[in-house]
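Right, one structure below, let's go through it.
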Amino acid sequence: MRLKESSEITLDDLPKIEKPFFAKSEVEHSFYGLYSTKSIWNLEDKLRKYTTSGDRNYEYALKELLKRVEDGSLLLVHSSERDTFSPVVKRVDGKRVPQEFLGGSVDFNVSWAINHAESEARLDARCREWEKERAQLKGPSIGSFTPSTQQKPVENTNQQSTSPAVAAIVAASIVNSRSESEALGKAGMEQAKSRLGHTTDPRYIDRYHGPDDITKDKNGRLAEWEAKGNNTDSKVVAVDTKGNKQGSSKKNLRRSNVMTKDKSKKIGRNSNRQGGSYTQSEIDLWKDIGGRDGNK
């Protein structure tokens, strides 16, 4: 067994993930050595994240770790499906089916991990198709879409025909994009920002559950941006678990509360999630938004 962050979950892991309620118990048993044959091989590595330098008393660290296991942000993955007592995903007729579709329930963080793993798998498959198609093409490469958390230069053998402005828009659109449609939506957003004279607030960090950008206009006024790219015509606006629409003052006020209260405790803490460690300036930005009652 091993503990994995939600963002580390792969498609193969899904049927091996223990539901948080039972995972918490297994972590405790492994910590106290009650299961001699069911040890979590990276448990000590995870515990070290919650201890001070040189401290090997993991009692406090265990409490912090169990909180993350309980809320599903840290998942227990067994070595095989048969070892999993209550998996979050079961195989039905050869297909992976989340418990929430089988009459059970799945925590929000667990549901995010499932969707993330499935999205990554689809993207990996699509990227392999793109690479295969490119290898079969004859003549110069005209560029490629590469989902990435790092900005990469756009390939183009005819540099004379690609202006720096267009190249910058395309490059910015692929950062943290997970599909062609999402990248297309971000490309439109980058173009709109350029035309309106908006620049990204230096305190803003792009995170999975946050807005796609927060900018300032020439007068210093804040604006929130949501990039949309759909395969079909749609005017649907997403809502959060409380029914608040994206871009609404209620949604932003709720986000501000989460960032200034919960996330402020994690400033500087190492994270492999999108955006990396939380920063004080990022928290200050959301405090500013909260002071405006969520209005920009």
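Within the 4.5 Å cutoff, the side chain of N252 has no heavy atoms near those of the N244 side chain. Counting heavy atoms from C-beta on, the side chains of Q246 and K251 come closer than 4.5 Å. In this structure the side chain of L74 never reaches within 4.5 angstrom of the side chain of K4, judged on heavy atoms.
Taking each heavy atom of V110 and P20 in turn, the nearest pair found is CG2-CG, 3.7 Å. Of all heavy-atom pairs spanning I9 and I17, the tightest one is CG2-CD1, 3.8 Å. Across all their heavy atoms, E18 and D83 have their closest contact at OE1-O, 4.4 Å. Minimum interatomic distance between A23 and L76 (heavy atoms only, all atoms of both residues): CB-CB, 3.8 Å. Minimum interatomic distance between L3 and L43 (heavy atoms only, all atoms of both residues): CD1-CD1, 3.9 Å. Contact detail for N42 and R2: the closest heavy-atom pair is OD1-CA, 3.3 Å.
Of the N and O atoms on the side chains of D13 and T10, at least one donor lies less than 3.5 Å from an acceptor on the other residue. In summary, the side chains of S73 and D71 do present a donor paired with an acceptor at a separation below 3.5 Å, with no hydrogens or angles considered.
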Passes side-chain contact (heavy atoms from CB on, under 4.5 Å), K49 versus N270? Steps please. CA-CA 9 Å; K49 290 187 176 182; N270 289 336; over 6 Å; no

Full working for side-chain contact (heavy atoms from CB on, under 4.5 Å) between E282 and R207: CA-CA 11 Å; E282 176 186 19; R207 299 197 181 277; 2.7 Å; yes

Run the numbers on L222 and L285 for side-chain contact (heavy atoms from CB on, under 4.5 Å), then give the verdict. CA-CA 10 Å; L222 291 175; L285 171 61; 4.2 Å; yes

side-chain contact (heavy atoms from CB on, under 4.5 Å) between R269 and K263: does it pass, once the steps are laid out? CA-CA 10 Å; R269 185 182 297 176; K263 305 304 183 184; over 6 Å; no

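Here the side chain of D217 pairs a donor or acceptor atom with the backbone of N219 at under 3.5 angstrom.
Heavy-atom neighbours of D262 CG from other residues, nucleotides or ligands within 6.0 Å: above the threshold of 12.
With a 4.5 Å cut-off between side-chain heavy atoms of Ile, Leu, Val, Met, Phe, Trp and Tyr, the cluster of L196 takes in M189, W225.
Checking each of T279, D288, I214 against R203 for a side chain to side chain contact (heavy atoms under 4.5 Å, CB included) leaves exactly one that passes, namely D288.
Put simply, OH on Y278 and NZ on K265 are 13.0 Å apart, with the number rounded to the nearest 0.5 Å.
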